[in-house]
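No hydrogens, no waters, no symmetry mates; every other heavy atom, side chains included, goes into these values.
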Amino acid sequence: MTVESTAARKTTRRSSGTKRTASASPSTTKKTSTRAAAGATEPELVQLLTPEGERVQHPDYDIDLSAEELRGLYRDMVLTRRFDSEATSLQRQGELGLWASLLGQEAAQIGSGRALRDDDYVFPTYREHGVAWCRGVDPTNLLGMFRGVNNGGWDPNSNNFHLYTIVLGSQTLHATGYAMGIAKDGADSAVLAYFGDGASSQGDVNESFVFSAVYNAPVVFFCQNNQWAISEPIEKQTRVPLYQRARGFGFPGVRVDGNDVLACLAVTRSALERARRGEGPTLIEAFTYRMAAHTTSDDPTRYRRDAEREAWEAKDPILRLKAYLENEGHADAAFFEELEAESEALGKNVREVVRAMPVPEHMAMFDNVYADGHALVDEERAQFAAYQASFADGEAE
């Protein structure tokens, strides 16, 4: 079974050569359809690759990529989707406690992730598996926290990719503070902060907008608007398009087709370049769709219709880039076959590594809570030790 069919249910190299044709602007020329079941009007957004795989131009954003670079973006999305589907399966088998799928959001994450320079810094939420892939984080390291065997699994400074943030919106404040710091240090790097449409309603996000604008911080806010904050639709979260909120804080916002990897790459790279020039923050709204559940503890059939998902499946980010590659002769059958074999090998490795993860010693949870220890933690440690000892053979499940 192919990765695409597994994900659709029906149907580490960096990209370079990006070229900006004009200055950043929120104006657009292309439109795609939004929630079919709700009958909403079509949003204006930046688009370079139509759902049918047709290459189009945009007056303010464009890129010129080689066939090899295009194949690299396709490989990134396919392998990220395979990793994600493998993690979902592992959770269903009881190997993970929870999983937050990115199904349908691969273009937003790979496009923005490949726009980064090595010296840029990323502050993710808990769903940026594709961005982690772009930053060179071992995919299996993402699973330790969801298996409950560690508190993160990677060193943030090794890849300039911060640990996953479960608390909604708090990472935008961390990103803003970090960006203010590197600006004071005189560095020309930028910061990329991710959050979702639901988190846009959090006070932390709005406070980060205030600080970043006032201090002209080199930060790009990347909102993946996947239409649903768990069971709350976007219509219940805002009366205006999310990207327009930036104007009220004094910096530009732009809406991009979040299922178009080329547009996401071009828009994000432009915003990062703007930040490095000292022109302050930008808000990018990637208009996309969460094709899976919010997490594996969620049942989306209780609050959204099948017709809605089917409409978005027709705009699948992987299928549209595949169509473009095939139509332009940028990839042959051998490429897709080799990628499928690589995908299978990745899935096998993920399964083996997860099941072999060592179980931490029970008492380790009390270590490193405080740098110098704490009387309350010591008391809790003693109580837990007594509880463990009360079981036969001194072990508890």
Side-chain angles (χ1 to χ4, degrees), residues 15 18 24 26 45-46 61 73 76-77 80 100 102 104-117 120-135 160-162 164-165 168-176 178-179 189-202 204-206 208-209 212-213 217-227 229 234 238 241-246 249 251-276 279-290 317:
S15 299
T18 299
L45 38 70
V46 177
Y61 303 94
L73 292 173
D76 288 337
M77 290 197 292
T80 297
L102 59 61
Q105 299 176 220
E106 294 87 358
Q109 295 193 17
I110 297 301
S112 59
R114 288 304 184 197
L116 290 156
R117 289 191 335 204
D120 294 331
Y121 206 101
V122 178
F123 287 83
T125 62
Y126 48 79
R127 200 188 301 273
E128 274 67 61
H129 320 315
V131 186
W133 173 270
C134 293
R135 299 306 278 175
N160 280 12
F161 184 79
H162 201 264
Y164 275 1
T165 305
L168 293 183
S170 63
Q171 74 279 1
T172 59
L173 283 174
H174 305 156
T176 298
Y178 190 93
S189 54
V191 177
L192 187 55
Y194 289 87
F195 61 98
D197 49 294
S200 69
S201 299
Q202 294 291 119
D204 286 359
V205 174
N206 292 272
S208 68
F209 288 176
S212 63
V219 57
V220 175
F221 298 104
F222 195 92
C223 175
Q224 294 175 85
N225 177 4
N226 63 22
Q227 312 303 311
I234 187 64
T238 182
L242 293 177
Y243 76 95
Q244 292 183 5
R245 291 184 177 181
F249 293 91
F251 57 89
V254 58
R255 174 182 273 178
V256 62
D257 184 344
N259 285 21
D260 177 356
V261 68
L262 304 186
C264 289
L265 174 59
V267 170
T268 307
R269 182 162 290 176
S270 174
L272 290 169
E273 290 174 352
R274 179 178 179 276
R276 296 189 194 99
E279 298 176 23
T282 302
L283 171 61
I284 299 173
E285 177 192 357
F287 199 79
T288 183
Y289 191 74
R290 167 172 56 80

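- Of the N and O atoms on the side chains of Gln224 and Glu285, not one donor lies less than 3.5 Å from an acceptor on the other residue.
- To the nearest 0.5 Å, atoms OG1 (Thr268) and CG (Asp120) are separated by 11.5 Å.
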request  = Tell me, with the steps shown, if Asp204 and Thr172 meet side-chain hydrogen bond (donor to acceptor under 3.5 Å, both in side chains).
outcome  = CA-CA 7 Å; Asp204 286 359; Thr172 59; over 6 Å; no
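- Taken to the nearest 0.5 Å, the SG atom of Cys264 stands 8.0 Å off from the CG atom of Asn259.
- In this structure, Ser200 OG and Phe209 CZ are separated by 7.5 Å, a value rounded to the nearest 0.5 Å.
- At a threshold of 4.5 Å between non-hydrogen side-chain atoms, the residues His162 and Val122 do not count as touching.
- Shortest non-hydrogen contact noted between Ala179 and Pro218 is O-CD, 3.3 Å.
- Closest approach of Ala108 to Ala286, counting heavy atoms only: CB-CB, 4.1 Å.
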Let me check something: any side-chain donor-acceptor pairs from residues 190-197 under 3.5 Å, sequence neighbours excluded? List them with distances.
| unit_1 | atom_1 | unit_2 | atom_2 | d |
| --- | --- | --- | --- | --- |
| Tyr194 | OH | Ser112 | OG | 2.6 |
| Asp197 | OD1 | Asn226 | N | 3.2 |
| Asp197 | OD2 | Gln237 | NE2 | 3.0 |

message = Quick one, Arg245 with Thr238, criterion side-chain contact (heavy atoms from CB on, under 4.5 Å). Give me CA distance, side-chain angles, the key distance, then yes/no.
response = CA-CA 10 Å; Arg245 291 184 177 181; Thr238 182; 3.3 Å; yes
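- Within the 4.5 Å cutoff, the side chain of Phe221 has no heavy atoms near those of the Val205 side chain.
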request  = Walk me through it: do Val267 and Val46 pass the test side-chain contact (heavy atoms from CB on, under 4.5 Å)?
outcome  = CA-CA 8 Å; Val267 170; Val46 177; 3.8 Å; yes
request  = Start with the C-alpha gap between Phe161 and Cys134, add the side-chain angles, then the distance that decides, and say whether side-chain contact (heavy atoms from CB on, under 4.5 Å) holds.
outcome  = CA-CA 10 Å; Phe161 184 79; Cys134 293; over 6 Å; no
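- Phe123 contributes atom CZ, which lies 13.0 Å from atom CD of Glu128 (distance to the nearest 0.5 angstrom).
- Between the side chain of Gln227 and the main chain of Asn225, a donor-acceptor pair closer than 3.5 Å is present.
- Checking side-chain atoms of Arg269 against main-chain N and O of Arg114 turns up a donor-acceptor pair under 3.5 Å.
- Residues Pro252 and Pro281 come closest through the heavy atom pair CD-O, 3.6 Å.
- Considering all non-hydrogen atoms of both residues, Thr80 and Gly130 come closest at CG2-CA, 3.6 Å.
- No donor-acceptor pair closer than 3.5 Å links the side chain of Gln105 to the backbone N or O of Leu102.
- For the atom pair CD (Glu106) and CH2 (Trp133), the distance works out to 13.0 Å, reported to the nearest 0.5 Å.
- A donor-acceptor pair under 3.5 Å is formed between the side chain of Asn206 and the backbone N or O of Gln202.
- Listed by chain and residue number, Trp99, Tyr164 satisfy the ring-ring contact (aromatic ring centres under 6.0 Å, His included) test with His129 (two or more places apart in sequence, or in another chain).
- Summarising the geometry, atom CZ belonging to Arg255 is positioned 6.5 Å from atom CG belonging to Leu45; distances are rounded to the nearest 0.5 Å.
- Side-chain N or O atoms of Thr288 include one that pairs as donor or acceptor with a backbone N or O of Gly104 at under 3.5 Å.
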inquiry  = Could you walk me through whether Leu283 and Phe251 satisfy the side-chain contact (heavy atoms from CB on, under 4.5 Å) test, starting with their C-alpha distance in whole Å, then the side-chain angles of each, then the deciding distance to 0.1 Å, before giving a yes or no?
reply    = CA-CA 8 Å; Leu283 171 61; Phe251 57 89; 3.9 Å; yes
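- Using a 3.5 Å distance cut-off with no hydrogens or angles, the side chains of Thr282 and Arg274 do pair a donor with an acceptor.
- Within the 4.5 Å cutoff, no side-chain heavy atoms of Val131 are placed close to those of Pro124.
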